[in-house]
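Note sheet for the following structure.
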Protein chains: 6
Amino acid sequence: MLSRLFAPTVEVSAHCDLPCGVYDPAQARIEAQSIKAIIEKYHASDDADFRTRALIIKEQRSELVKHHLWVLWTDYFKPQHFEQYPQLHQLFNEATKLAGAAGTKGSNDVAVADQLLAKIDEIAEIFWATKKAS
Amino acid sequence: MLSRLFAPTVEVSAHCDLPCGVYDPAQARIEAQSIKAIIEKYHASDDADFRTRALIIKEQRSELVKHHLWVLWTDYFKPQHFEQYPQLHQLFNEATKLAGAAGTKGSNDVAVADQLLAKIDEIAEIFWATKKAS
Amino acid sequence: MLSRLFAPTVEVSAHCDLPCGVYDPAQARIEAQSIKAIIEKYHASDDADFRTRALIIKEQRSELVKHHLWVLWTDYFKPQHFEQYPQLHQLFNEATKLAGAAGTKGSNDVAVADQLLAKIDEIAEIFWATKKAS
Amino acid sequence: MLSRLFAPTVEVSAHCDLPCGVYDPAQARIEAQSIKAIIEKYHASDDADFRTRALIIKEQRSELVKHHLWVLWTDYFKPQHFEQYPQLHQLFNEATKLAGAAGTKGSNDVAVADQLLAKIDEIAEIFWATKKAS
Amino acid sequence: MLSRLFAPTVEVSAHCDLPCGVYDPAQARIEAQSIKAIIEKYHASDDADFRTRALIIKEQRSELVKHHLWVLWTDYFKPQHFEQYPQLHQLFNEATKLAGAAGTKGSNDVAVADQLLAKIDEIAEIFWATKKAS
Amino acid sequence: MLSRLFAPTVEVSAHCDLPCGVYDPAQARIEAQSIKAIIEKYHASDDADFRTRALIIKEQRSELVKHHLWVLWTDYFKPQHFEQYPQLHQLFNEATKLAGAAGTKGSNDVAVADQLLAKIDEIAEIFWATKKAS
Ligand code: NI
Ligand code: NI
Ligand code: NI
Ligand code: NI
Ligand code: NI
Ligand code: NI
């Protein structure tokens with residue numbers, strides 16, 4: 001968190017399809033972090049109702065991850081990016097699948113949340129490289 | 001944006017009321033940045049339909065700012081924080097008003113968007129101070 | 001709720017941030033009443049699936065309470081109201097917390113729903129007093 | 001609306017399909033009041049952007065009226081009510097149409113909003129009669 | 001799936017209340033098919049968390065069925081249709097009830113999903129008859 | 001409806017990520033048909049408010065097209081499909097872009113709606129081929 005403390009004015013950004021031109025993988029990452037925390041709390045509790053609430057909320061947060069990633073894939077990335085990064089389509093497809101039924105929706109395994117976070121970080125790295133290049 | 005480029009693993013965070021414990025003023029700031037960009041594009045265009053779309057989307061993004069700030073105010077900040085920062089209630093009330101009818105919903109003035117961003121930054125500063133203290 | 005008894009023909013009203021000027025604490029109260037009824041039905045049933053449905057719906061209704069209260073706090077109440085009623089910020093903060101994780105979202109205790117209803121009634125009393133004064 | 005006047009302490013109520021058992025025509029009426037106020041403000045303004053915002057919000061509020069009425073029609077009213085009040089189906093159909101394209105969505109005529117309010121009041125009268133009878 | 005290949009121009013259609021004039025009972029039927037499949041998968045699984053997810057999603061899909069049917073009832077069907085098909089009001093009321101608390105929301109019985117599908121098919125038959133006649 | 005009557009066994013299908021296993025490109029196509037009709041009605045009208053409503057609704061329907069397509073791309077199609085149809089990623093990316101700012105959101109050109117419909121039909125053809133093969 002150090003970088004945050006020393007860089008409180010850091011520009012964060014996203015995505016509305018006006019387009020406003022503001023995009024940021026942070027939106028997907030925030031929800032994925034939440035999912036990981038939810039799974040940890042799920043395992044730390046033996047209250048059945050709390051666990052049910054965890055499942056309800058994990059379903060929503062996973063959907064949000066998918067949405068934010070889809071927006072980046074369709075709205076931010078342009079044909080030239082997909083030429084430059086041929087793996088980008090598959091990367092997004094795998095990342096969104098990791099937030100779905102075979103991923104953090106259907107699983108309570110914290111390792112799955114970590115895989116999702118890792119995929120989002122891979123995407124973020126490419127995202128920021130293209131931003132720097134533009 | 002330098003801090004981002006050099007700190008790609010920075011923790012971003014938010015908000016779901018399980019609670020997952022993940023919160024981050026970045027969510028509100030992202031939408032406020034979007035609002036500012038929308039207003040700039042609104043003024044740069046003389047296409048009536050584009051301007052209508054800008055108004056439609058600005059309405060939604062302003063609502064999102066309000067929502068993200070309300071979540072921080074109710075869910076993240078605790079009684080001791082409000083004691084320590086007596087101005088915090090008013091700060092949130094003014095910030096959310098700045099994203100409403102008398103703010104970025106009703107106005108197309110980029111200065112209003114800047115005021116909203118400044119308020120969010122004030123909130124973020126307190127937020128990160130309380131995070132560091134906890 | 002006394003103000004209601006003495007002002008029965010007052011137009012029930014709410015909140016859209018045009019603003020339309022129509023506001024009414026009844027919107028939050030309706031959802032809080034629903035929450036209380038859901039908790040009672042939860043305890044009256046021993047059907048696990050019904051109880052899961054109760055948790056799903058209680059989560060949604062609690063979110064609606066928070067939303068309706070946030071709208072009143074930001075959109076209806078003006079600076080002069082907060083000066084006149086210095087406890088108003090804290091009252092709203094406590095009321096919305098009572099509809100969150102530490103309140104009716106996380107709890108199945110009917111007493112918590114009653115506390116939420118009582119807070120909403122406190123807010124409503126101030127609301128109608130300011131309406132009458134305006 | 002007479003029943004309201006004579007039953008001011010009746011619990012305001014609605015609708016979630018657990019069911020919680022809490023229903024109240026006030027939810028639809030609140031939105032219809034909002035619509036009427038929006039139309040009045042639309043006509044009182046000559047600011048094109050404000051008028052666009054009025055149209056955006058009127059669309060949403062009209063949809064909410066439809067939703068709240070549909071919930072009453074399907075979830076609250078039972079077969080015996082429809083036998084007892086043979087006009088009830090048509091009443092709801094007309095009321096929801098009055099909040100649609102041929103009603104307050106497509107029209108900026110305050111008289112249409114008044115017709116919608118009148119229909120909701122007709123429904124409310126039957127609603128409270130059935131509540132009293134049960 | 002051959003029929004699809006040979007009937008690629010089949011009009012798919014729906015609902016937005018501009019109105020766009022595009023309506024299609026398929027929207028409700030798709031969600032009802034989903035509900036039936038969810039119930040079957042619920043019974044085929046003995047994983048408590050999967051079953052909870054099934055209940056969460058069944059609740060949403062049932063709500064969508066209700067919404068799509070309400071749209072047809074209010075927006076597509078006109079007074080003359082209700083005169084021509086006097087049973088139409090009741091048919092819609094029963095169909096939407098079958099997707100509610102006393103139907104596929106509250107029940108995990110696949111027979112209830114089948115009843116819902118049958119009602120939707122009855123509605124669809126009338127729908128297409130009126131389309132052909134217009 | 002003749003085509004429908006003669007193809008009564010066509011499985012309408014979608015989408016929910018339980019997964020229920022029910023998917024159908026018809027969901028995206030219905031919304032795209034709506035968009036085309038909205039554009040036609042927009043051009044046929046000279047009522048400024050009607051045109052504003054058309055823009056509001058076209059924005060929503062375009063978002064729905066994107067959503068339904070994203071669901072197919074992430075949830076229905078599996079790695080082997082993308083191997084078998086190497087153009088599939090790009091096809092989905094182009095189709096969703098055609099429902100975005102550079103497509104039916106930003107444009108009022110009926111030809112753009114037709115391009116979107118054509119892309120959806122290309123996707124549908126592959127979809128049904130994979131269904132037949134499975
Ligand atoms: Ni944007
Ligand atoms: Ni959270
Ligand atoms: Ni309002
Ligand atoms: Ni209810
Ligand atoms: Ni339509
Ligand atoms: Ni599904």
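Quantities reported herein were computed from a predicted structural model and do not represent experimental measurements. We name chains A, B, ... by the order of the sequence lines, and we start the count at 1 in each one.
Here the closest heavy-atom approach between residue D/R53 and residue C/D17 is recorded as NH2-O, 2.7 Å.
One finds the SG atom of C/C20 at 8.0 Å from the CD atom of D/E31 (value rounded to the nearest 0.5 Å). Separation of atoms CG (C/L18) and OG (D/S34) is listed at 8.0 Å; rounding is to 0.5 Å. With values rounded to the nearest 0.5 angstrom, C/C16 atom SG is found 10.0 Å from D/L64 atom CG.
Annotation for C/K132: atom NZ does not count as buried by contact number, only 12 or fewer foreign heavy atoms lying within 6.0 Å. Around the CG atom of C/D46, the shell of radius 6.0 Å holds no more than 12 heavy atoms that belong to other residues, nucleotides or ligands.
For D/Q84, there are no side-chain contact (heavy atoms from CB on, under 4.5 Å) partners at least two apart in sequence or on another chain. For D/Q90, the side-chain hydrogen bond (donor to acceptor under 3.5 Å, both in side chains) partners two or more places apart in sequence, or in a different chain, are D/E94. In this structure C/S107 satisfies the side-chain hydrogen bond (donor to acceptor under 3.5 Å, both in side chains) test with no other residue, sequence neighbours excluded.
Residues from residues 36-44 of chain C that place a non-hydrogen atom less than 4.5 Å from a non-hydrogen atom of chain D comprise C/A37, C/I38, C/K41, given in numerical order.
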